[in-house]
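So that the names make sense, note that chain A is the first sequence line, chain B the second, and so on, each numbered from 1.
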Amino acid sequence: MLQVAYIRQHPDLVKKRLAVKQFKDLSVVDEVIRLDEERKRLQLEFDTTQSKVNTASREIGLLMGKGQQEEAATRKLEVAALKTSLQPISEQLNIVGQQLQGELVKLPNLPAQDVPAGKLPSDNITVREGGAKPVLPQGAVPHWDLINQFGIVDFETGARITGSGFPLYKGKGAKLQRSLIQYFLDYNTAAGYTEYLPPLMVNEASAYGTGQLPDKEGQMYFMPADNFYLIPTAEVPVTNIYRDEIVKEEELPIKMTAYTPCFRREAGSFGKDVRGLNRVHQFDKVEIVQIVHPDKSYAVLEEMVNHVESLLQSLELPYRILKLCGGDMSFASALTFDFEVYSAAQERWLEVSSVSNFESFQTNRMKIRFKDANGKMQLAHSLNGSSLALPRIVACLLENNQAGDHIDLPAVLHPYFGAGSLTL
RNA sequence: GGAGACUUGUCCGAGUGGUUGAAGGAGCACGCCUGGAAAGUGUGUAUACGGGAAACUGUAUCGAGGGUUCGAAUCCCUCAGUCUCCGCCA
């Protein structure tokens, strides 16, 4: 959530930046400013009247202490009158406060200065590429065929147990998942991230904190009996670890990593985009999250990008890093880098990670703050990234390394998988 | 699932209707003391939203939300959470 004070001070700048993010309804900004002024007016009125009530009440106490009952009774009437006049003010103040909040949550985060303008994924800028696209053997097939050949993921049975998009990993397929998770977590903890295993369901306040609510509730699975949401990413529970906390400045940066399954409803997709492991309702992911000093967040973003890049390099997959344009970025992000790996048999790029700086957008909602050197309260900045989402990594590993009767695995995975290749 | 206890500031902990934003302690900051440090000692130390050039000042906040009252951390109701005992259970 943007800070009202900032909007008030820089309305034109805010509008300009929102336009980069393809946010059309700029009247929201004016409405926020108007409601904020209205709120201040009412607040002042409420405070002055309440102040009179408080003073009178104190005096009544003193009078009664002195046994001057009659005078006390007179003053009570006075207070009653004040309170009657206070009622509509307080109601109005509440309404205006809610309206202001309602408008405020409509505004996405402002994109950073160097976010490219543009609406579509094609407007994203390729920052760099790495790894070489493999030359596949004759008769190479996409991963959904390999999965069947090797008997490692069973979509039909998963669909029977739950529904489509809920893969059932089996045998070496299940072990490959476990190997990847373990490797990713080890890689992250070696870089100083603290490992967490968080709850997989969150309450409303947590979903609101990271920006999933109020806007995108349709993307999450919801359990009405208990008012819980299944997490779409570990980002939600992990970032919320510090919700409503005032941390010590020297505790920053806080680096956290977690493996969780992720649940996404993702209605409305079809065709080859969703074939096989390309897009599923439940998948495994290892996430990294940092809570940092505002002055450092862009340096940390770069550090996280490098971290994920090295991880991809270690998997020996061809990849590219994109700087997302304003129109393709998420609601809460100020700057995002997407990582895609090249799926050689499908001949397409698949997104496997998204690393973002949210600046104070999430921490403002969650009230994650620290006291700076001057003793001033400041919002921390939050960042997160995938390292990595598994299904598409698996798709690429399978497709790019297929060798007839087996699939070669990158060296880093051998100790985890207990073998150098996946065989029939 | 049943019964009970509890939820106060960064932390511990007092406080059952009237200057209580909240005693006391710890921690932290600054100063004194010291060759330096520890100990000792003095002072300060919540957040949000307002007003004010500033000094300063108003309002709210003692798990959350309602209520009673001129006045609530203190009384009542609802909800959430923590702990203990019993039951059940991987």
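- A:K255 forms a cation-pi arrangement with A:Y193, by the criterion of a distance under 6.0 Å to the ring centre and an angle within 45° of the ring axis.
- At distances below 3.5 Å, at least one donor-acceptor pair connects side-chain atoms of A:R265 with backbone N or O atoms of A:G218.
- Taking atom C1' on both nucleotides, B:U82 is separated from B:U45 by 29 Å, rounded to a whole Å.
- Spacing between B:U78 and B:A26 at atom P, rounded to whole Å, works out to 41 Å.
- Across B:A72 and B:G81, the matching C1' atoms stand 23 Å from one another, rounded to whole Å.
- None of A:L100, A:V4, A:I7 except one satisfies the side-chain contact (heavy atoms from CB on, under 4.5 Å) rule with A:I33; the exception is A:I7.
- Side-chain atoms of A:Q378 and A:E249 form no donor-acceptor pair, as typed in the model, at a separation below 3.5 Å.
- Applying the 4.0 Å criterion to OP1 and OP2 of B:G58, one finds that A:T48 has every side-chain N and O outside that range.
- A distance of about 9 Å separates the C1' atoms of B:G15 and B:A22, rounded to the whole Å.
- Remark: A:R178 is not positioned above the aromatic ring of A:Y416, lacking an NZ or CZ atom under 6.0 angstrom from the ring centre and at most 45 degrees off the axis.
- Residues A:Y319 and A:F339 place their aromatic rings such that the two centres sit no closer than 6.0 Å.
- The distance from atom CD of A:E78 to atom C1' of B:G71 is 14 Å, rounded to the nearest whole Å.
- Residue-level contact check: A:K52 touches neither bases nor backbone, having no heavy atom under 4.0 Å from any strand.
- Atom-to-atom, CG of A:N54 to C1' of B:U61 comes out at 13 Å; the value is rounded to the nearest Å.
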For nucleotides 49-55 of chain B, list the nitrogen or oxygen atoms of the protein found under 3.5 Å from its nitrogen or oxygen atoms, one pair per line.
residue: B:C49; atom: O3'; partner: A:R39; partner atom: NH2; Å: 2.7
residue: B:C49; atom: O2'; partner: A:R39; partner atom: NH2; Å: 2.8
residue: B:G50; atom: OP1; partner: A:R8; partner atom: NH1; Å: 3.3
residue: B:G50; atom: OP1; partner: A:R39; partner atom: NH2; Å: 3.3
residue: B:G50; atom: O5'; partner: A:R39; partner atom: NH2; Å: 3.2

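- Rounded to whole angstrom, the span from the CD atom of A:Q50 across to the C1' atom of B:U57 amounts to 16 Å.
- Atom P of nucleotide B:G63 and atom CZ of A:R243 are separated by 18 Å, given to the nearest angstrom.
- Using a 30° and 60° split on the angle between ring planes, A:H281 and A:F166 fall in the tilted class, from 30° to 60°.
- Mapped onto RNA chain B by nearest heavy atom, A:N94 and A:M377 fall at different nucleotides, with A:M377 at the one closer to the 5' end.
- Of the candidates A:L422, A:V412, A:L180, A:L422 is the only one forming a side-chain contact (heavy atoms from CB on, under 4.5 Å) with A:F417.
- Between the P atoms of B:C79 and B:G1, the separation comes to 13 Å (whole Å).
- Closest to the side chain of A:R369, out of B:A60, B:G18, B:A48, is B:A48.
- A:R41 has its CZ atom 17 Å from the C1' atom of B:U59, to the nearest Å.
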Exercise. Go ahead and write out RNA chain B as dot-bracket, 5' to 3': ( ) for pairs within the strand, [ ] for ones crossing earlier pairs, | when the partner sits on another strand, dots for unpaired; Watson-Crick or G-U wobble, both distances under 3.5 Å.
Key: ((((((((.[[[..)..(.....]]]((((((.......))))))((((((....)))))).[[[[[..)....]]]]])))))))....
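- A side-chain N or O of A:S333 and one of A:T336 form a donor-acceptor pair less than 3.5 Å apart.
- Between A:F150 and A:H406, the ring centre distance reaches or exceeds 6.0 Å.
- Summary of the strand contacts: A:F46 and A:K76 both lie near RNA chain B, and taking for each the nucleotide with the nearest heavy atom, the more 5' one is attributed to A:F46.
- Taking atom P in both B:G66 and B:U61, the straight-line distance is 10 Å, to the nearest Å.
- Annotation: B:G13 and B:C83 have their P atoms spaced 15 Å apart (nearest Å).
- If you measure from atom NZ of A:K248 to atom C1' of B:U10, you get 6 Å, rounded to the nearest angstrom.
- As rounded to whole Å, 9 Å separates atom P of B:A29 from atom CD of A:E250.
- Separation of the P atoms belonging to B:U20 and B:A37 is 39 Å when rounded to the nearest angstrom.
- Judged purely by atom type and a 3.5 angstrom limit, A:E399 uses its side chain to pair as donor or acceptor with the backbone of A:H143.
- Between the CZ atom of A:R75 and the C1' atom of B:C70 there is a distance of 10 Å, rounded to whole Å.
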